[in-house]
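Some notes on the structure that comes next.
We use all heavy atoms of the structure for the numbers below, so side chains are in, but hydrogens, waters and symmetry mates are not. From a predicted model like this one, the values you see are computed outputs, not experimental measurements.
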Amino acid sequence: MSSRDQILSRIRSAVAGAPEVEISRSYQTSGQEAGRVELFAERVRDYRAIVHVVPGDELAATVARALSGRGARRVVVPGGLPEGWLAAVPGLERLRDDPPLSAAELDAADGVITGCAAGIAETGTIVLDAGPGQGRRALTLVPDYHLCVVSADQIVGGVPEAVARLDPVRPQTWISGPSATSDIELNRVEGVHGPRTLEVIITR
Amino acid sequence: MSGTFLGMPSFPKNAEKALQDSQLRYNLRKATHTIRAKRATVVEELPDWLELRAAGKAIKDETLRHLDRYLLQVEEAVTKAGGHVHWASDADEANEIVTGLVRATGQTEVVKVKSMVTQEIGLNEALAKEGITAYETDLAELIVQLGDDWPSHILVPAIHRNRSEIREIFLEHMAEWGRPAPDDLGDDPRMLADAARLHLRERFLSTKVGISGANFVIAETGTLVVLESEGNGRMCLTLPETLISVVGIEKLLPTWRDLEVFLQLLPRSSTGERMNPYTSMWTGATEGQDFHLVLLDNGRTKVLADEIGRQALRCIRCSACLNVCPVYERVGGHAYGSVYPGPIGAILTPQLRGMESPLDASLPYASSLCGACYDVCPVAIDIPEVLVHLRSKAPHGPAERLGLKAAGWVLDKPVRLERAQRLATRFRGLVPKRRLPGPGAAWTDTRDVPPVPEESFRDWWDRTEGGSR
Amino acid sequence: MRVALFVTCVNDTLFPGTGKAVVTLLRRLGCEVEFPAGQTCCGQMHVNTGYRDEGVRLARQFLEVFSGYDAVVVPSGSCAAMVREQYPKLAAGMGATRAGAFASAHGGHSPFAEAVAEVTPKVYDLSEFLVDVLGTTDVGAYFPHRVTYHPTCHSLRGLRVGDRPTRLLQNVRGLELTPLPGADECCGFGGTFAVKNAAVSAAMCADKVGNIVATGAEVLCAADNSCLMHIGGTLSRLRTGVRVMHLAEILASTEAER
Ligand code: SF4
């Protein structure tokens with residue numbers, strides 16, 4: 001018998017005759033509507049990320065300020081990112097992932113700018129799903145600085161709403177603040193292997 | 001399970017030794033109390049925590065009830081998405097599969113994300129035998145690997161080390177494994193984290209094979225889910241050309257939707273955060289990667305056959321039970337002699353390994369049954385219930401058996417109890433307060449004995465007709 | 001109302017004063033108590049040490065002796081928890097075939113299970129009986145001392161008696177209740193754990209004792225003499241001068257008595 005069949009048959013005899021299980025989902029499946037953007041901003045800030053909340057028409061200027069404040073000149077720009085977001089940045093060197101950038105090239109970049117697939121207010125989480133303006137997973141991993149744009153209508157209340165809205169087949173990265181570790185005396189320290197700085201612009 | 005811990009003495013002996021280490025006790029106390037408080041805060045924040053917990057428990061039970069079906073679903077979904085699925089009955093088979101896969105790539109180095117299951121099967125040692133070096137990349141695992149140490153906690157394997165010990169380890173051993181630590185390394189956690197970043201950076205960018213476990217595998221979609229904090233997981237999962245994930249068969253969840261429960265339960269229970277910094281989810285061969293999933297039994301189906309013990313398979317390895325356990329807090333993880341320490345280890349290890357060794361037979365007794373673990377467990381594993389159940393299956397020493405049988409005989413009939421009580425009161429003057437003989441000495445080493453009363457309650461009641469005379 | 005006292009084997013043999021205090025207290029509150037002579041032990045030590053069969057034998061005896069009462073009062077959190085929390089699990093384990101229960105939460109239909117279903121809901125820890133059944137938190141006691149209260153694990157997490165004991169203590173005239181730091185942490189008794197893992201047990205108790213002494217209390221109160229025997233034995237060995245007293249004994253004290 002193959003290990004596969006062996007494992008399956010062991011399982012079958014272990015649970016034979018056991019009663020069915022009923023799953024009750026009496027937990028909350030939607031968060032509060034009011035104050036969602038503020039809550040999201042507050043929770044993302046809790047992780048010590050930099051957060052701006054701006055009207056949509058100030059996005060380009062905010063992006064420009066963020067990048068220049070950081071001194072970021074060579075920035076990874078994933079395919080599908082609206083050109084308008086970068087309209088106000090003078091002298092930006094756009095690193096396109098086409099053909100794919102090597103890990104070393106990504107490492108040498110000053111940062112990366114992306115959009116996202118969803119934001120979760122209650123947990124301060126940004127979800128990337130490799131959609132337009134987000135790129136493959138390595139793009140937001142190797143550069144040390146991640147600038148992420150979230151529009152208010154992408155923000156949901158809680159985890160259940162995000163799960164409902166996302167497509168499991170797409171590769172996903174859920175990001176809650178910059179890279180961190182609690183491995184030393186269980187104290188949280190920001191900045192290990194992922195981007196050490198996360199900056200988030202929320203547009204409404 | 002791995003042979004690393006074979007031949008260890010019983011838990012009480014290990015514990016006694018650990019208790020002498022005041023640095024260890026200090027480190028553990030500080031760390032467990034910090035995380036306890038953090039967990040309590042973020043759990044209280046959710047008004048529907050108990051409902052989430054009940055759902056988490058039920059979803060895991062459902063998974064186990066139809067595990068055969070869900071495993072086949074996973075196999076089909078992962079294969080359809082371009083991945084390869086392998087089945088391993090035990091540790092040896094899993095190690096063989098992984099070694100073979102790495103060999104086929106022609107590589108001799110792999111990067112690893114922290115994974116309990118690969119420790120359980122002793123994968124690093126198996127790879128080393130074949131000339132393959134496995135580099136641990138999680139900060140705490142790195143500390144353990146560099147210090148040639150054992151993990152002592154599920155989530156924070158180096159919880160027993162404080163910052164200055166970590167600094168020493170980095171200074172002394174980083175050079176043996178790659179880029180050395182900077183000479184002016186201090187013991188500030190931020191500096192230590194930076195040193196780890198530099199040490200591993202090059203390795204991440206160049207290593208072609210990654211090995212991981214998974215927190216969850218979604219049956220209906222074949223999606224794997226890994227929660228982490230540092231980004232080392234993302235590095236190992238995304239950059240290598242080949243990814244091999246070794247997963248215990250109990251890690252499945254039936255549906256994508258089930259994540260709405262577990263992505264709330266797990267981060268809050270484990271690191272005490274609303275959400276962990278990074279969660280990666282992928283299905284099959286992603287972004288051009290060669291992907292292999294190894295499904296591991298290694299004793300789990302045996303656990304599944306035990307009606308009471310099987311609830312241990314619900315465990316999502318959050319480590320909340322360790323962090324609240326008064327026994328773990330004082331002795332640390334090494335005393336449990338397994339990669340699974342603390343309360344969950346005390347019920348899982350004896351079920352996976354059996355109770356033949358003195359260590360494994362003593363694990364169900366490594367608890368005062370205070371119930372703190374059950375209270376915090378996000379999937380409501382009744383750890384005290386399983387401990388008591390395992391105690392009834394554990395081998396008992398002849399002296400203890402005799403004592404308990406005798407007590408049982410006395411208590412069986414009120415008249416026997418009455419006679420025993422009268423005997424005790426008659427000789428009450430002879431009971432020493434400070435030094436009992438035989439096994440009683442374990443009591444009087446630190447505690448005085450209460451005086452035996454002149455008359456039992458029962459005799460008083462009879463004599464006074466319930467105090468009315 | 002027919003009220004029975006299950007004094008417990010430990011109290012019966014070593015701490016008869018606690019049983020007498022319960023009787024005094026309940027009489028004062030206008031409640032007649034019976035002491036069924038057939039009682040011995042709930043079986044906790046046997047079950048928890050891994051001697052399930054002996055434990056079940058004692059459980060059967062308990063159920064037989066205490067069947068037919070309206071309430072069974074137990075001056076021990078852990079014995080009350082044994083009966084109320086663990087008997088149903090024992091019943092589930094027996095009633096079911098190997099594959100009959102998935103998560104071991106389903107009861108069987110054996111005579112044992114039926115007796116468990118009949119008797120266990122009427123079993124009360126002393127503080128529960130006073131507060132929930134008699135509906136009082138002021139039992140008219142007088143005890144002019146500084147007291148700190150240790151909520152034992154099985155009262156706290158097994159029975160979930162909550163703040164009932166401290167509400168009772170707060171209404172004792174003359175009594176000054178000082179909060180115990182780290183109150184919800186186990187004292188390290190754990191039955192045979194205290195002997196089988198004596199070193200860990202002692203380390204846990206040392207921390208508990210440190211917290212007790214820090215309160216400056218003269219008396220440590222709890223609702224379980226087993227834990228008190230362990231903590232009290234350590235307090236005495238360390239010559240701290242702190243006395244231990246069962247909740248029943250404090251609640252039974254009155255001005256008249258002094
Ligand atoms: S037993 Fe429960 S509390 Fe302990 S690690 Fe597993 S899931 Fe977490």
Side-chain angles (χ1 to χ4, degrees), chain B residues 11-12 15-16 19 57 61 64-65 305 307-308 311 326-327 330-331 364-372 374-375 385 388-389 391-394 396 400 404-405 407-408 411-414 417 420-421 424 434 439-440 442-443 445-450 452-453 455-458 460-461 466-467, chain C residues 7 9 11-16 19-20 23-24 33 35 37-41 45-52 54 57-58 61 89 93 96 98-99 101-104 153-154 157-158 185-186 188-191 193-205 229-230 232-234 236-237:
Chain B
F11 181 83
E16 223 170 299
L19 282 165
K57 169 184 192 257
D61 276 347
L64 296 171
R65 175 64 187 85
E307 211 182 290
I308 293 173
Q311 55 186 310
V327 176
R330 285 167 183 86
V331 305
Y365 293 92
S367 165
S368 64
L369 304 180
C370 82
Y374 175 43
D375 259 21
E385 181 189 21
V388 166
H389 168 67
R391 288 176 185 188
S392 74
K393 298 165 98 183
H396 301 286
E400 181 200 286
L404 270 282
K405 292 268 174 195
L411 292 167
D412 209 23
K413 295 268 185 305
L417 175 60
Q421 286 170 337
R434 305 180 69 91
W443 180 271
D445 276 347
T446 57
R447 293 159 283 219
D448 287 346
V449 182
V452 178
E455 129 185 280
S456 69
F457 179 82
R458 165 183 317 268
W460 169 82
W461 182 278
Chain C
V7 76
C9 62
N11 288 330
D12 184 4
T13 309
L14 290 174
F15 307 101
K20 293 180 208 170
V23 174
T24 308
V33 208
F35 177 74
Q39 63 179 279
T40 61
C41 169
M45 176 177 71
H46 284 93
V47 170
N48 284 357
T49 311
Y51 296 80
R52 200 169 163 282
E54 285 79 3
R57 223 169 49 223
L58 293 169
Q61 184 187 55
K89 288 177 192 166
R98 188 184 59 79
F102 196 79
S104 68
C153 300
H154 294 168
R157 285 178 285 264
E185 285 169 34
C186 177
F189 173 64
F193 175 78
V195 181
K196 276 181 177 270
N197 276 285
V200 188
S201 168
M204 286 160 70
C205 198
M229 178 168 75
H230 164 72
T234 309
S236 152
R237 174 63 57 88

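- The minimum heavy-atom distance linking B/Glu16 with C/Ala199 is given by the pair CG-CB, 3.6 Å.
- With a 4.5 Å cut-off on side-chain heavy atoms, C/His46 and B/Leu404 count as touching.
- In terms of heavy-atom pairs under 4.5 angstrom with chain B, the leader among C/Arg52, C/Glu54, C/Met204 is C/Met204.
- Side-chain contact check for C/Arg57 versus B/Leu411: every heavy-atom pair is 4.5 Å or farther apart.
- Heavy atoms of C/Val195 lying under 4.5 Å from chain B belong to its backbone as well as its side chain.
- In this structure the side chain of C/Arg157 reaches within 4.5 angstrom of the side chain of B/Cys370, judged on heavy atoms.
- The backbone N or O of C/Gln39 sits less than 3.5 Å from a side-chain atom of B/Arg458, completing a donor-acceptor pair.
- Counting heavy-atom pairs closer than 4.5 Å to chain B, the top residue among C/Ala194, C/Cys205, C/Cys41 is C/Ala194.
- Judged by distance alone, with hydrogens and angles left aside, the side-chain atoms of C/His154 form no donor-acceptor pair with the main-chain N or O of B/Gly371 at under 3.5 Å.
- Between C/Cys9 atom SG and B/Gln421 atom CD the span is 9.0 Å, to the nearest 0.5 Å.
- Of the two parts of B/Val331, only the side chain, counted from C-beta on, holds a non-hydrogen atom closer than 4.5 Å to a non-hydrogen atom of chain C.
- In terms of heavy-atom pairs under 4.5 Å with chain C, the best-connected choice from B/Ala15, B/Ala407, B/Ala394, B/Ala420 is B/Ala407.
- Closest non-hydrogen pair, B/Ser367 versus C/Phe193, comes out as O-CD1, 3.3 Å.
- Closest approach of B/Leu19 to C/Val200, counting heavy atoms only: CD1-N, 3.6 Å.
- Comparing B/Leu417, B/Leu369, B/Asp375 by heavy-atom pairs within less than 4.5 Å of chain C, the highest count is held by B/Asp375.
- Of the listed residues (B/Ala442, B/Ala424, B/Gly467), the greatest number of heavy-atom pairs within a distance under 4.5 Å of chain C belongs to B/Ala442.
- Among all heavy-atom pairs drawn from B/Pro414 and C/Ala37, the shortest one is CB-O, 3.6 Å.
- For chain C, no part of B/Lys393 is nearby; none of its heavy atoms comes within less than 4.5 Å.
- For chain B, the option among C/Gly19, C/Pro16, C/Gly190 with the highest count of heavy-atom pairs below 4.5 Å is C/Pro16.
- Contact detail for C/Arg237 and B/Arg447: the closest heavy-atom pair is NH2-O, 3.3 Å.
- A heavy-atom distance below 4.5 Å is found between the side chains of C/Tyr51 and B/Glu400.
- Within the 4.5 Å cutoff, no side-chain heavy atoms of C/Thr13 are placed close to those of B/Ser456.
- With sequence neighbours left out, B/Tyr365 forms a ring-ring contact (aromatic ring centres under 6.0 Å, His included) with no residue at all.
- At least one side-chain heavy atom of B/Pro450 sits under 4.5 Å from a side-chain heavy atom of C/Met229.
- In this structure, B/Arg391 contributes its side chain and C/Asn48 its backbone to a donor-acceptor pair below 3.5 Å.
- For B/Asp445, the part lying near chain C is the backbone, with the side chain staying farther off; criterion is any non-hydrogen pair under 4.5 Å.
- Inter-residue side-chain proximity for C/Val7 and B/Trp461 is flagged as unmet; no heavy-atom pair is nearer than 4.5 Å.
- Taking the six-membered ring where the residue is Trp, C/Phe35 and B/Phe457 present perpendicular rings, their angle passing 60° and hence far from 30°.
- B/Phe11 meets the ring-ring contact (aromatic ring centres under 6.0 Å, His included) test with B/Tyr336; sequence neighbours excluded.
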